[in-house]
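Report on one structure; see the data block that follows.
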Amino acid sequence: MEFMMIISTPDIANYMGKFPNVTLFVDFEILGKEKRQGHLDTVKSEMTLEQLIPIRDAAPNSKILARINPINSNTYSEIESVINYGADSIMLPMFSTFDEIDSFFKMIDGRVLGIPLFETSASIKLLPEIISKIALKQCHIGLNDLHLDQGKNFLFEPLADGFLEKPAELLRKSNIKFGIGGIAKVGDGLVPAENIIGEHIRLGSTAAILSRSFNDNKTNIKDFLGSINIKKELEKITIMINHYHSIDKIELEKNRELTWKLIREISNKRAKSSN
């Protein structure tokens, strides 16, 4: 499985360059994010495009993913900048029409990997058309904005109501790599990461963003290294991934039932507390 870690400083990027299965995720998305997620305790970027330059210099052999803003009048300029500054792939968030995705890929023009971020019900409905008209190689399904778009109470609810079953099946059949949301450290999370990893394997997801529990927004390398043993935590996740790959469909289904039950319990508690 490919892991993505949100990075904002060169020294942490340099350290994470030791892990070949970790893509450095540099987030430049600002437009509309505060309005959508301002009430949530989520990471919100304040980075400028130029800050990608020292990150690339610090991690010359790492894969770097740059998330730009949703389609706007400056999108072409953003794409040109992050390509020139060293991004290997570009993620487009919050699109709602096929024309936006089509324009995105035309602007990239095959120079780097384009990764659409499906994070609304409307965007996921576009998936069959996108696959039929664009040579899509990889995409990601975001759960933060998706659960907000659907009026859900809890981040993982789109996973537990069957909404992602058909999109995941279509992506598997089309041989398109995809990831779903993020994962916490093993042993962490309102729904244990162990259970969420099992759902990744069942659905065919091959990528996940490492949650903030892995770096807790640390920007100083000393604080970062003092807060977590990254090598050990990635090994724990890998052990869980290998476990779920080794079990049969019956056991995967048991994990699905338990995971969905836990998600629904949390959602119901939140619904009651908000009334």
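Atoms considered below: every heavy atom in the structure, side chains included; atoms not considered: hydrogens, waters and symmetry mates. Just so we're clear, the structure is a prediction, and the values are computed from it rather than from any experiment.
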(message) Taking Glu235 first and then Lys231, would you say they form a salt bridge - that is, a charged N and a carboxylate O separated by under 4.0 Å?
(response) yes
(message) Main chain of Asn255, side chain of Trp260: is a donor-acceptor contact present, judged purely on distance under 3.5 Å?
(response) no
(message) Is there a side-chain contact between Leu24 and Met16 in this structure, where contact means two heavy atoms from C-beta onward sitting under 4.5 Å apart?
(response) yes
(message) Do Lys133 and Phe98 form a cation-pi contact, if we require the NZ or CZ to be under 6.0 Å from the six-membered ring centre and within 45 degrees of the ring's axis?
(response) yes
(request) Could you tell me whether the side chains of Ser8 and Gln51 share a donor-acceptor contact shorter than 3.5 Å? (result) no
(request) Measure the CD1-CG distance between Ile266 and Leu190 for me, rounded to the nearest 0.5 Å. (result) 5.0 Å
(message) Side chains of Phe95 and Thr120, heavy atoms from C-beta outward: is any pair under 4.5 Å?
(response) no
(request) Decide whether Thr206 and Glu2 meet the rule of one side-chain donor and one side-chain acceptor closer than 3.5 Å. (result) no
(message) With a 4.0 Å cut-off on N to O distance, would you call Arg67 and Glu78 a salt bridge?
(response) no
(request) May I ask you to test the Glu100-Met94 pair for a side-chain heavy-atom distance under 4.5 Å? (result) no
(message) Looking at Lys261 and Glu257, is there a salt bridge between them, counting it only when a charged N and a carboxylate O are closer than 4.0 Å?
(response) no
(message) Are Leu146 and Leu164 packed together at the side-chain level, in the sense that at least one heavy-atom pair is separated by less than 4.5 angstrom?
(response) yes
(message) For Asn74, is there any backbone N or O sitting under 3.5 Å from a side-chain donor or acceptor partner on Ser77?
(response) no
(message) If only side-chain N and O atoms count, and only distance matters, is there a donor-acceptor pair under 3.5 Å linking Asp99 with Thr97?
(response) no
(message) Could you check whether any side-chain heavy atom of Ser121 comes within less than 4.5 Å of a side-chain heavy atom of Asp149, counting everything from C-beta outward?
(response) yes
(message) Using only atom types and a distance under 3.5 Å, with no angle test, would you say the side chain of Asn14 pairs donor to acceptor with the backbone of Pro10?
(response) no
(request) Is it possible for you to say whether Ile239 and Leu252 belong to one hydrophobic cluster, with membership spreading through side-chain heavy-atom contacts below 4.5 Å? (result) no
(request) Examine distances only and state if a side-chain atom of Asn72 and a backbone atom of Pro70 form a donor-acceptor pair shorter than 3.5 Å. (result) yes
(request) Carefully, step by step, assess Leu127 and Leu170 under the rule side chain to side chain contact (heavy atoms under 4.5 Å, CB included). (result) CA-CA 9 Å; Leu127 186 57; Leu170 177 58; 4.0 Å; yes
(request) Compare all side-chain heavy atoms of Lys137 with those of Leu113 and state whether any distance is below 4.5 angstrom. (result) yes
(message) Before you tell me yes or no, could you show the steps for Glu199 and Leu159 under side chain to side chain contact (heavy atoms under 4.5 Å, CB included), namely the whole-Å CA-CA distance, both residues' side-chain angles and the distance that decides it to 0.1 Å?
(response) CA-CA 8 Å; Glu199 281 293 87; Leu159 188 66; 4.1 Å; yes
(message) Would Tyr85 and Arg56 count as a side chain to side chain contact (heavy atoms under 4.5 Å, CB included) here? Give the steps.
(response) CA-CA 7 Å; Tyr85 296 158; Arg56 167 46 80 197; over 6 Å; no
(request) Give a yes or no on whether the ring-centroid distance for Phe178 and Phe118 is below 6.0 angstrom. (result) no
(message) Strictly distance-based, threshold 3.5 Å: is any side-chain N or O of His200 a donor or acceptor partner for the main-chain N or O of Ile180?
(response) yes
(message) I want to check something: taking the side chain as every heavy atom from C-beta on, are Ser267 and Phe156 in contact at a cut-off of under 4.5 Å?
(response) no
(message) If you define the side chain from C-beta out and look only at heavy atoms, does anything of Phe154 sit under 4.5 Å from Lys269?
(response) no
(message) As a quick check of understanding, evaluate side chain to side chain contact (heavy atoms under 4.5 Å, CB included) for Ile90 and Ile115, giving each step before the final call.
(response) CA-CA 6 Å; Ile90 302 176; Ile115 303 178; over 6 Å; no
(message) Keeping Glu233 on the side-chain end and Asn229 on the backbone end, is there a donor-acceptor pair under 3.5 Å?
(response) no
(message) Check Glu169 with Lys166, please: is the shortest side-chain N to carboxylate O separation under 4.0 Å?
(response) no
(message) Let me confirm one number: the NZ-CG distance from Lys236 to Asp188, rounded to the nearest 0.5 Å.
(response) 8.5 Å
(request) Please answer whether the main-chain N or O of Leu31 pairs with a side-chain N or O of Asn69 as donor and acceptor at a distance below 3.5 Å. (result) yes
